[in-house]
There are 2 protein chains.
Amino acid sequence: MSLPHAILTALLEKPSSGLELTRRFDRSIGYFWSATHQQIYRELGRLEGDGLIRTLPSEKPARGRRKEYEVLPAGREELARWAAEPQAPRTVRDPLLLRLRAAAVVGGVGLEDELRRHLELHRAQLAEYDAIERRDFPPAPDRPREDRLRHIVLRAGIELETFWTTWLTGALDELAGAPDQAGTAP
Amino acid sequence: MSLPHAILTALLEKPSSGLELTRRFDRSIGYFWSATHQQIYRELGRLEGDGLIRTLPSEKPARGRRKEYEVLPAGREELARWAAEPQAPRTVRDPLLLRLRAAAVVGGVGLEDELRRHLELHRAQLAEYDAIERRDFPPAPDRPREDRLRHIVLRAGIELETFWTTWLTGALDELAGAPDQAGTAP
DNA sequence: AGATCCATGTAACAGGTTACATGATTTA
DNA sequence: TAAATCATGTAACCTGTTACATGGATCT
């Protein structure tokens with residue numbers, strides 16, 4: 001149950017229309033919680049129905065007409081409640097790891113190419129995060145707590161991408177010495 | 001679409017009943033692809049219907065009776081096809097990161113305790129992985145490719161848990177110098 | 001008037017979660 | 001024989017994905 005809270009966070013940072021939210025979920029927020037416009041519109045409807053957000057009264061609402069939302073006090077309270085609530089860490093569920101394990105059983109042809117492709121993608125993402133860090137968080141003493149929190153989240157992204165690049169590099173090295181023999185399993 | 005392939009991999013490693021699979025999804029395979037018994041039984045039914053697996057002919061199948069499954073040639077082919085197929089890297093979707101970002105907006109009370117709790121959980125998981133590595137992959141030259149692949153997957157688990165522990169430690173350090181001021185945002 | 005965006009939706013489906021139901025086997 | 005445990009399932013619901021539909025504004 002995180003999408004509604006992701007939307008509340010985004011709307012508190014800045015009141016927005018559905019399409020603007022969708023764009024923001026392709027960038028900053030989307031770096032750790034992605035969502036499509038269909039999900040977002042569905043959830044905006046629910047949040048409004050639950051009295052956690054409302055549309056800014058501007059023009060008459062109609063199908064093709066822009067609607068801007070803002071968070072109501074009840075929405076802010078719900079977000080604070082959720083953020084403080086104890087939750088279990090997310091269990092890992094990664095198809096790439098599963099595919100490596102499958103390759104150990106059925107023999108992986110073309111697997112190394114796929115690992116190289118992922119390595120390039122993760123390198124590119126890491127470069128993007130590094131640029132954001134240089135731009136938004138230059139070295140400075142005594143930052144306000146909000147900025148520290150945002151920086152900590154960005155650091156998670158940077159360190160995660162660093163993990164992937166070093167791990168993939170190591171995996172390719174390790175496999176370089178072992179020729180593929182497809183279908184050796186019983 | 002990974003659960004069926006996780007099950008095919010597990011069944012190729014060792015033919016099993018639904019409950020045995022469930023137990024294995026709480027350990028080894030579950031470390032990177034978790035699933036409940038309800039999901040597993042539903043998927044076993046589909047895989048059998050699609051002719052990718054079959055029940056070992058032993059006793060008459062009935063409601064409370066154990067059924068053991070094995071993979072058919074078509075299932076092995078499907079798994080090999082899927083494992084070789086190019087796929088996009090999994091996008092990050094982590095509630096903890098979202099909660100930190102929310103805390104930057106609504107002020108996080110009790111957040112540090114939650115970070116400490118997660119740190120302990122990740123430390124414990126890391127210790128477990130380290131023990132498995134010592135037991136199953138002691139230093140040795142020239143391992144077969146299958147073993148290398150399995151070791152690479154375990155390394156991913158180890159390095160991921162290492163990332164979480166170092167990142168959480170750093171986050172707690174960083175926050176130690178910034179007192180909480182709930183509700184400072186507009 | 002038609003093409004092209006901008007913007008908000010609908011519908012159908014697949015996958016994951018939670019709660020509950022039921023039969024078979026072992027053990028106190 | 002009752003309880004506990006092993007084992008397989010059903011049902012309802014929620015989230016996420018994919019494909020498609022529709023209205024409004026702008027530009028040529």
Side-chain angles (χ1 to χ4, degrees), chain A residues 1-8 10-11 15-26 29-30 32-50 53-56 58-69 82 87-95 98, chain B residues 1-8 10-11 15-26 29-30 32-50 53-56 58-69 82 87-95 98:
Chain A
M1 261 253 303
S2 295
L3 177 59
H5 303 97
I7 291 177
L8 288 171
L11 287 180
S16 304
S17 68
L19 193 61
E20 276 168 355
L21 279 176
T22 302
R23 300 240 164 88
R24 293 170 63 194
F25 272 84
D26 285 338
I29 301 170
F32 49 90
W33 203 275
S34 59
T36 61
H37 83 268
Q38 292 90 339
Q39 272 180 284
I40 289 168
Y41 284 116
R42 177 164 64 186
E43 204 60 47
L44 284 172
R46 286 183 199 163
L47 286 167
E48 190 177 21
D50 292 348
I53 63 174
R54 66 161 185 179
T55 60
L56 288 181
S58 48
E59 297 141 277
K60 317 285 166 290
R63 185 161 177 127
R65 297 295 289 259
R66 185 190 150 84
K67 278 198 289 188
E68 189 153 53
Y69 292 91
W82 174 81
Q87 291 177 22
R90 182 135 185 56
T91 59
V92 178
R93 203 176 253 173
D94 193 293
L98 194 55
Chain B
M1 261 253 303
S2 294
L3 177 59
H5 303 96
I7 292 178
L8 288 172
L11 288 181
S16 304
S17 68
L19 193 60
E20 276 168 353
L21 279 175
T22 302
R23 301 241 164 86
R24 292 171 62 196
F25 272 83
D26 285 337
I29 300 170
F32 48 90
W33 202 274
S34 58
T36 61
H37 83 269
Q38 292 89 339
Q39 273 179 284
I40 289 168
Y41 284 116
R42 176 164 63 185
E43 204 60 47
L44 284 171
R46 285 183 200 162
L47 287 167
E48 190 176 21
D50 292 348
I53 62 174
R54 66 162 184 178
T55 61
L56 287 181
S58 49
E59 298 141 275
K60 317 284 166 293
R63 185 159 177 128
R65 297 294 289 261
R66 186 190 148 84
K67 279 199 289 188
E68 189 154 53
Y69 293 91
W82 174 80
Q87 290 177 24
R90 182 138 186 54
T91 59
V92 178
R93 202 176 255 173
D94 193 292
L98 194 55

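For the numbers below, each heavy atom of this structure counts, side chains included, while hydrogens, waters and symmetry mates do not. By convention in this document, chain letters (A, B, ...) are assigned in the order of the sequence lines, proteins followed by strands, and residues within each chain are numbered from 1.
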Need one value for B:T22: base, sugar-phosphate or nothing, where a base atom within 4.0 Å counts as base even if backbone is also close, heavy atoms only. nothing
Please enumerate all residues that pass ring pair (Phe, Tyr, Trp, His ring centres under 6.0 Å) together with B:F25, with sequence neighbours excluded. none
[atom1] of [X] versus [atom2] of [N]: gap in Å, rounded?
| X | N | atom1 | atom2 | value |
| --- | --- | --- | --- | --- |
| B:D26 | D:dC6 | CG | P | 14 Å |
| B:R23 | D:dA7 | CZ | C1' | 9 Å |
| B:Y41 | D:dA11 | OH | P | 17 Å |
| A:E20 | C:dT8 | CD | C1' | 13 Å |
| A:E68 | C:dC6 | CD | P | 17 Å |
| A:H37 | D:dT18 | NE2 | C1' | 11 Å |
| B:K67 | D:dG9 | NZ | C1' | 9 Å |
| A:I40 | D:dT15 | CD1 | P | 15 Å |

Test of understanding: with salt bridge (Lys or Arg N to Asp or Glu O under 4.0 Å), list the residues that count as partners of A:R42, not counting sequence neighbours. none
Residues passing the salt bridge (Lys or Arg N to Asp or Glu O under 4.0 Å) test with B:R46, sequence neighbours excluded, are B:E43
Quick check on the helix from C:dA1-D:dT28 to C:dA28-D:dT1: what's the angle between its two end axes, five base pairs per end, to the nearest 10°? 10°
My understanding is that only residues two or more places apart in sequence, or in another chain, count here; which of them pass side chain to side chain donor-acceptor pair (under 3.5 Å) with [X]?
| X | value |
| --- | --- |
| B:E20 | B:R66 |
| B:T55 | none |
| A:R24 | A:E13, A:S16 |

Pairwise side-chain contact, B:T36 with B:Y41, heavy-atom cut-off 4.5 Å (strictly under): no
Atom pairs, N/O to N/O, protein against nucleotides 14-18 of chain C, distance under 3.5 Å?
unit_1	atom_1	unit_2	atom_2	d
C:dG15	OP2	B:R46	NH1	3.3
C:dG16	OP2	B:Q39	NE2	2.9
C:dG16	O5'	B:Q39	NE2	3.4
C:dG16	N7	B:R42	NH2	2.5
C:dG16	O6	B:R42	NH1	3.3
C:dT17	OP2	A:R93	NH2	3.3

For A:S2, give me all partners under side-chain contact (heavy atoms from CB on, under 4.5 Å), at least two apart in sequence or on another chain. A:W33, A:W82, B:P95, B:L98
So CD of B:Q39 and OG of B:S34: to nearest 0.5 Å the spacing works out to 7.5 Å
What nucleotide among D:dC6, C:dT25, C:dA7 has an atom nearest to a side-chain atom of B:R65? C:dT25
